[in-house]
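Okay, so here's the structure we're looking at.
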Amino acid sequence: MFAANLPDISRRSTCFYALLVLLAINLLQTVYAVFFCSFLQADDLEHLHAAFFVANGDVPYRDFFEHHHPLLWYLLAPVVKILPHHTLFAVYTGRLISLCASLIGG
């Protein structure tokens, strides 16, 4: 019944090649972010600080404000709670979580 409304994504269709191009762009963006960005950015510390707030029970946008979405903060909060004095490890863990989210999103 609904199959007539779905696009044809076979190997010869334009949709298939468009999806391949978008996947390639996502992979290139991820490789660029991992290998060519600077060592420590301001956003890394900002996300780490917000994850510290979340780990201590604060609620984003009610108890504190940051202009980013809170998904990374909630994913990084257990790392901050377990290892509070290992900032560099937490930054690298946050980058790894962001990398995985970028690849999953692609």
Linked, directly or transitively: W73 and F65 (ILVMFWY side chains, under 4.5 Å): yes

Same apolar cluster: I82 and L76, side chain cutoff 4.5 Å: yes

To the nearest 0.5 Å, what is the distance between [atom1] on [X] and [atom2] on [Y]?
| X | Y | atom1 | atom2 | result |
| --- | --- | --- | --- | --- |
| Y74 | I97 | OH | CD1 | 14.5 Å |
| T93 | L75 | OG1 | CG | 11.5 Å |
| F52 | K81 | CZ | NZ | 8.0 Å |
| E46 | H67 | CD | NE2 | 5.0 Å |
| N56 | D63 | CG | CG | 11.0 Å |
| H47 | E66 | NE2 | CD | 8.0 Å |

Y61 atom OH, over 12 foreign heavy atoms within 6.0 Å: yes

L19, I25, L23 screened by side-chain contact (heavy atoms from CB on, under 4.5 Å) with V21, the one that passes: I25

Closest approach of G94 to L72 (non-hydrogen atoms, all atoms of both residues): O-CD1, 3.8 Å

Contact summary for P60 and P70, nearest pair of heavy atoms: CG-CB, 4.0 Å

side-chain contact (heavy atoms from CB on, under 4.5 Å) assessment of F64 paired with V54: CA-CA 9 Å; F64 68 96; V54 169; 4.0 Å; yes

V79/F89 under side-chain contact (heavy atoms from CB on, under 4.5 Å): CA gap, chis, key distance, verdict: CA-CA 9 Å; V79 175; F89 177 74; 4.2 Å; yes

